[in-house]
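The chains referred to below are lettered A, B, ... by the order of the sequence lines, with proteins before strands, and numbering in each begins at 1. Remember, predicted model here, so these are calculated numbers, not experimental data.
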Amino acid sequence: MSAKRGALLACALAALTFLAPVAWGLQSPVEVHLAELEGPIEGLCLSAGGLETKLEISLAAGEVRRLRVPIAPSPGASTSLGAEFSEVDPPASARLAGRAPEQAGDWSALPINMQGRSLPPVQRTRPAPGSLRLALLAAAMILVLGLRRRPWLAALCGSAFAIVVLLAPAPVDASPVMRVLEGDRTAGRWLEVLGSRDRLELGRAESGWMRTLPSTSEAYIELAEGEGTGPEVMTICAPGARVFYMREPRVQPDLGRQHNAHADFQSVWVREPGGVLEGLGPWRRGDPCPTTPAPGAGSPPGWLLAAVPQGVPILLGVEAGAAEGSQEWLRLVGF
Amino acid sequence: MSPTADAEAVFEGTPPSLAGFRELGLFILAWGLSILPILLPERAALSLGDSSRLALVWIPWVALIGWPAPAEGARNTRRSWPLALGLALPVTALAAWIDARSGLGRGALEATYLGAALSAILLGEARYQAARGGLAIYAPLWFVTVAGLPALAASISWGVRGELGTSGLAPWLASVAPLGALWENVHPDHSPWHAALFCPSTLLCVVICATMTAARQARKGAGL
């Protein structure tokens with residue numbers, strides 16, 4: 001290749017470079033994916049990242065439409081989400097319903113200690129290459145080195161192997177759901193934090209805040225009505241990423257030193273203002289909180305104690321009766 | 001066929017030179033270094049957290065592909081970056097697959113892949129043109145572009161720490177160099193994708209154009 005042709009190649013690559021930021025360089029938006037939206041519906045308002053997207057759609061009874069709406073996420077913060085369906089006719093047939101987006105409120109309005117609490121440890125998916133891909137890699141290296149006298153053919157061969165490595169099948173394992181009830185007695189606020197990997201089924205379309213880790217993951221929301229007259233289902237999908245959803249619980253847990261109207265706890269720990277942490281063992285619903293340390297109670301997991309304020313009493317607990325593989329925790333500041 | 005054209009056609013059939021073995025060794029070294037982040041045992045890989053394996057895997061390739069070659073004249077110089085690319089693409093594809101399965105968005109991965117591949121191609125081409133023209137200026141130019149700017153950025157960053165707060169100059173200097181930009185992409189949550197892709201590639205385009213112009217003048221002067 002002559003220098004002139006080389007200069008042309010460089011100019012072409014430079015032009016591609018100038019175009020590239022437009023096509024690939026911008027952060028991916030959260031995409032709201034409404035699956036199987038069935039009428040009657042006369043309007044829809046979606047809220048994410050401080051932006052509201054109003055959809056003027058009119059679906060007759062039985063009419064089904066599939067929508068994908070990209071919405072920019074809030075950089076470095078939890079993205080508030082909400083879905084509200086406008087008046088339908090007849091109202092009774094509105095099976096998809098959500099609270100108004102503004103009810104999710106501003107994340108920064110929450111007590112600072114609640115904003116900064118540690119997220120539940122959802123298992124990361126850092127897949128191993130696997131023997132198939134490693135074998136492909138070794139084969140590619142041997143073949144490319146064998147073609148070193150023909151570098152362009154070697155590049156072509158490497159590209160072909162790269163495509164095969166990308167497309168080779170791999171098993172996908174399911175991730176359990178982690179749930180944490182976060183409370184702040186002083187502020188009187190509660191948050192239900194749900195975490196999972198790949199997808200998080202919320203069960204009801206409700207306003208809240210979402211976060212994905214890593215934050216550059218491509219997330220979308222599926223909002224679908226249930227079978228027949230069943231409840232609507234809102235699912236946050238972010239393939240491979242850890243997904244977290246924070247919302248205010250419909251019913252605030254009723255807990256105190258002398259009463260427990262919330263749930264059976266498999267084990268609880270209390271950290272007094274002095275900083276001493278004691279494992280108190282099981283705490284049954286309806287009973288007062290145990291006061292004496294239980295032998296062999298063990299320690300709570302480290303993530304549950306991270307970033308909690310000092311000098312105030314704290315209750316930590318793991319609920320009994322969680323579904324197979326799932327875990328339900330409670331963390332109350334100001335117990 | 002002009003005397004300067006299609007050096008690889010002349011190269012075919014001739015015994016590989018010492019420089020050929022040297023660059024092959026360089027590429028095998030880059031391959032070995034690039035596969036390390038993928039083959040790390042689970043416990044060691046935990047320390048990398050959510051770091052982009054794709055960016056980590058590209059770093060040795062971008063660092064080594066433009067390594068200044070000894071001038072052997074137009075006839076004995078071969079364009080070697082396609083071979084390096086052939087070795088790099090399967091490894092980087094595997095890293096991209098791991099990142100995609102770990103939740104990194106497609107846009108971020110494409111930006112990293114395209115930016116790094118462009119940087120590698122441009123550096124490889126600049127190396128080839130400089131070797132053909134016997135350009136001595138390429139070595140310091142390569143050093144400044146690839147290693148010097150990130151090193152300078154790191155020095156400034158250390159120098160001002162605790163005294164002047166965060167200096168805007170250091171991140172900017174790091175982001176205009178391909179290695180600095182790749183290092184930013186290792187942490188996907190903090191990376192300005194557009195800057196990471198745009199600045200180093202533009203800088204490299206300037207470098208390669210300057211190198212090729214100088215190489216052509218050098219060859220004309222040598223009567224090739």
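Here the shortest heavy-atom pairing between A:Leu137 and B:Ile35 reads CD2-CD1, 3.3 Å. Between B:Leu94 and A:Pro129 the shortest heavy-atom distance is CD2-CB, 3.9 Å. Nearest heavy atoms, A:Leu166 versus B:Ala93: CD2-O, 3.4 Å. Taking both residues in full, the closest heavy atoms of B:Pro82 and A:Ala155 are given as O-CB, 3.3 Å, listed atom of the first, atom of the second, then distance.
Ranked by heavy-atom pairs shorter than 4.5 Å toward chain A, the options B:Val91, B:Leu89, B:Thr92 are led by B:Leu89. Taking chain B as the reference chain and counting heavy-atom pairs below 4.5 Å, the highest number among A:Ser159, A:Gly158, A:Ala238, A:Ala168 is found for A:Gly158.
Atom CG of B:Leu85 and atom CH2 of A:Trp152 lie 8.5 Å apart (nearest 0.5 Å). Interatomic distance, CD1 of B:Ile98 versus CZ of A:Arg133, reported as 8.5 Å (0.5 Å rounding).
Contact of B:Ala95 with chain A is not made at all, since no heavy-atom distance falls under 4.5 Å. Neither the backbone nor the side chain of A:Ile163 comes within contact range of chain B; no heavy atoms are under 4.5 Å apart.
Taking a 6.0 Å sphere around CH2 of B:Trp67, one finds it holds 12 or fewer heavy atoms contributed by other residues, nucleotides or ligands. Within a 6.0 Å sphere centred on CH2 of A:Trp329, other residues, nucleotides and ligands contribute more than 12 heavy atoms.
Looking at heavy atoms from C-beta onward, A:Leu145 lies in side-chain contact with B:Ile28 at the 4.5 angstrom threshold.
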